[in-house]
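Working notes, structure below.
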Amino acid sequence: MKSAWWKITAIVLLAYTLIIGLLMDVPRLAILNETIRNLFFHVPMWFGMILVLLGSMVYSIKYLRHHRIEDDIWANELTNTGIVFGILGILTGAVWAKYTWGDWWSGDPKQNAAAGGLMFYFAYVILRGAFKDEEQKARISAIWNIFAFAVFIPLIFVLPRLTDSLHPGNGGNPGFNAYDMDSKLRMVFYPAVIGWTLIGVWFTQLRVRAKKIENIILEND
C-alpha cells in the first residue's frame, strides 16, 4: 500500500480535474468562453509530455554511461509515453483551435513546431526497429533520443516566440497569467499537471514491467 500512494494520488487528481474542471464556473473571456476548460487537459498533457521526455533523455544518458539494458528500456518506454501525450496534446489543441480560431489546424507556428518536434520522436521509434542487435539499437537510439530532446525544446518554446503566433504568450499575445489564470483556474490546473504526469509514469512503469517479463521469457526459450 505504501508504494501505491502516488498511483492513488494520480487517480484522485484526474478525477478531481475531470469533475471540477467540467462543472466549475470559469471566466467568460472573449473568444475563449467555455473552451478555457481545455486548459485543464491540453496544457497539462503537454507538461506531462515534456517531463516524461526529459526523463527519457536522462535514462538515455545513463545508458550511454553504464550500458545497463534497464536504462534503455526506461528510456524507450518513457519516449513512447511522451509520444502518446504529444498526440493527445495535438488532438485536444486541434479541438480548442476549431472553437477559438475557426479551424482545426491554422498553421500556427506553435502547432507546426509541435508537430515537427514529434516527428523526431516518431523517427526514434522507426530507428529502434531498424536494428536487430540489441546493444547497437540501444546505443544509437540513446544518442538520437538526446538529440531529439535538444531539438524539441527550442522548437516548441523558443522558435514560436520569434514570430507572430495565436497562442497565448507568443507574438505579443498576453499569456494566461496576464489576464485569466485566476485562483479558481489554478486550483484545477496545477493538480491536473501533477495528475497527468503521474499517470504517464504509471503507464510507463507497467510497460517497463511487461518488457522485462518479455525479455525473461525470450532468454529462457
Query raised in the report: Can you tell me how far the CZ atom of Phe131 sits from the CZ atom of Arg139, to the nearest 0.5 Å?
Result: 8.5 Å
Query raised in the report: Does Ile153 reach the side chain of Ile50, with side-chain heavy atoms less than 4.5 Å apart?
Result: yes
Report task. Locate the shortest heavy-atom distance separating Gly48 from Thr197; write the atom from each residue and the value. Result -> CA-OG1, 3.6 Å
Report summary line: Of all heavy-atom pairs linking His42 and Gly89, the shortest is ND1-O, 2.8 Å
Query raised in the report: Out of curiosity, does Met45 fall in the hydrophobic cluster containing Ile11 (side-chain heavy atoms, cut-off under 4.5 Å, transitive links)?
Result: yes
Query raised in the report: Should Leu78 and Leu88 be counted in the same cluster of Ile, Leu, Val, Met, Phe, Trp and Tyr side chains packed under 4.5 Å apart?
Result: no
Query raised in the report: What's the verdict on side-chain contact (heavy atoms from CB on, under 4.5 Å) for Val193 and Phe189, showing C-alpha distance, side-chain angles and the deciding distance?
Result: CA-CA 6 Å; Val193 171; Phe189 176 75; 4.0 Å; yes
Query raised in the report: For Arg68, what residues pass the salt bridge (Lys or Arg N to Asp or Glu O under 4.0 Å) criterion, not counting sequence neighbours?
Result: Asp71
Query raised in the report: With the 4.5 Å side-chain cut-off for hydrophobic clustering, are Phe203 and Leu53 part of the same group?
Result: no
Query raised in the report: Do Phe85 and Phe47 have side chains that get closer than 4.5 Å, going by heavy atoms?
Result: no
Query raised in the report: If you count the non-hydrogen atoms of other residues, nucleotides and ligands that lie under 6.0 Å from CZ in Phe41, is the total more than 12?
Result: yes
Query raised in the report: Do Trp196 side-chain atoms and Met49 backbone N/O form a donor-acceptor pair below 3.5 Å?
Result: no
Report task. Determine, using the 4.5 Å side-chain heavy-atom cutoff (strictly less than), whether Ile213 and Ile69 are members of one ILVMFWY cluster. Result -> no
Requested in this report: Drop me the distance from Leu185's CG to Arg37's CZ, to the nearest 0.5 angstrom.
Outcome: 9.5 Å
Report task. Find the distance between CH2 (Trp105) and CG (Asp103) and round it off to the nearest 0.5 Å. Result -> 11.0 Å
Report summary line: Of all heavy-atom pairs linking Ala148 and Tyr121, the shortest is C-OH, 3.7 Å
**Report entry** Thr204 side chain reached by Ser56 side chain, heavy atoms, under 4.5 Å
**Finding:** no
Report task. Please check if Phe149 and Val84 belong to a single hydrophobic cluster, counting links between Ile, Leu, Val, Met, Phe, Trp and Tyr side chain heavy atoms closer than 4.5 Å. Result -> yes
Report task. Determine, step by step, whether Thr79 and Tyr59 satisfy the side-chain contact (heavy atoms from CB on, under 4.5 Å) criterion, reporting the C-alpha distance in whole Å, the side-chain angles of both residues, the deciding distance to 0.1 Å, and the verdict. Result -> CA-CA 10 Å; Thr79 298; Tyr59 273 104; over 6 Å; no
Report summary line: d(Ile19 CD1, Met24 CE) to nearest 0.5 Å is 13.5 Å
Query raised in the report: Within a strict 4.5 Å, meaning less than it, do heavy atoms of the Phe147 and Ile143 side chains meet?
Result: no
Requested in this report: Just do the side-chain contact (heavy atoms from CB on, under 4.5 Å) check on Ile90 and Trp46 with the steps written out, would you?
Outcome: CA-CA 9 Å; Ile90 284 181; Trp46 278 94; 3.8 Å; yes
Report summary line: d(Glu134 CD, Arg128 CZ) to nearest 0.5 Å is 7.5 Å
Report task. Provide the closest heavy-atom pair for Asn76 versus Tyr124 in the form atom of the first, atom of the second, distance. Result -> CA-OH, 3.4 Å
Query raised in the report: Taking the side chain as C-beta and beyond, is there a heavy-atom pair between Thr92 and Val43 under 4.5 Å?
Result: no
Query raised in the report: Is the number of heavy atoms from other residues, nucleotides or ligands under 6.0 Å of Gln136 CD greater than 12?
Result: yes
Query raised in the report: Can you find a heavy atom in the side chain of Ile87 that is under 4.5 Å from one in the side chain of Leu91?
Result: yes
Requested in this report: Give the minimum heavy-atom separation between Gln205 and Trp74, together with the two atoms involved.
Outcome: CA-CH2, 4.0 Å
**Report entry** Separation of Phe40 CZ from Leu22 CG (nearest 0.5 Å)
**Finding:** 9.0 Å
Query raised in the report: So do the side chains of Asn215 and Ile73 get within less than 4.5 Å of each other, counting heavy atoms only?
Result: yes
Report task. Identify the two heavy atoms, one from Phe122 and one from Ile83, that lie closest to each other, and give their separation to 0.1 Å. Result -> CE2-CG2, 3.5 Å
Query - Steps toward side-chain contact (heavy atoms from CB on, under 4.5 Å) verdict (Tyr63, Asn145) - result: CA-CA 11 Å; Tyr63 176 80; Asn145 196 24; over 6 Å; no
